[in-house]
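Single-structure report; data block below.
Keep in mind that the numbers below use all heavy atoms, side chains included, and drop hydrogens, waters and symmetry copies. We count residues from 1, following the sequence as given.
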Amino acid sequence: MLVVRAGKGMLKQLEADRMAGRHGATRIAVIPDAGHDVHLDDPAAAESEAAAESEAAAESEAAAESEAAAKEAGAGA
């Protein structure tokens, strides 16, 4: 999960930390020069953070699948 916080927005770091704490693996991205509309104020940074989160999620899923396959292979041995 990704929480995006605009450096010039209303969401403060403490609240972002609380949001992230409600879920397991959550990353907080801060776009320093953006206001509330991060996707409009700094579209390149918003896209970059979204892409990084998608990549991290795919890597995590692949690692979990690999681990499950290894366990299954070990159980059959």
Show which side-chain atoms of residues 54-69 pair as donor or acceptor with protein atoms under 3.5 Å away, not counting sequence neighbours.
from: Ser54; atom 1: OG; to: Ala50; atom 2: O; distance (Å): 3.1
from: Glu67; atom 1: OE2; to: Lys71; atom 2: NZ; distance (Å): 3.4

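- Taking Ile, Leu, Val, Met, Phe, Trp and Tyr as members and joining any whose side-chain heavy atoms lie under 4.5 Å apart, directly or through other members, Met10 forms no hydrophobic cluster with any other residue.
- Among all heavy-atom pairs drawn from Ala16 and Arg5, the shortest one is CB-CD, 4.0 Å.
- The other residues sharing a hydrophobic cluster with Leu2 are Val4, Ile31, Val38, where clustering joins ILVMFWY side chains under 4.5 Å apart.
- For residues 28-45, there are no salt bridge (Lys or Arg N to Asp or Glu O under 4.0 Å) pairs, not counting sequence neighbours.
- When all heavy atoms of Ala34 and Ala6 are compared, the pair lying nearest together is O-CB, 3.3 Å.
- Partners of Glu15 according to the side chain to side chain contact (heavy atoms under 4.5 Å, CB included) rule, which considers only residues two or more places apart in sequence or in another chain, are Leu11, Arg18, Met19, Arg22.
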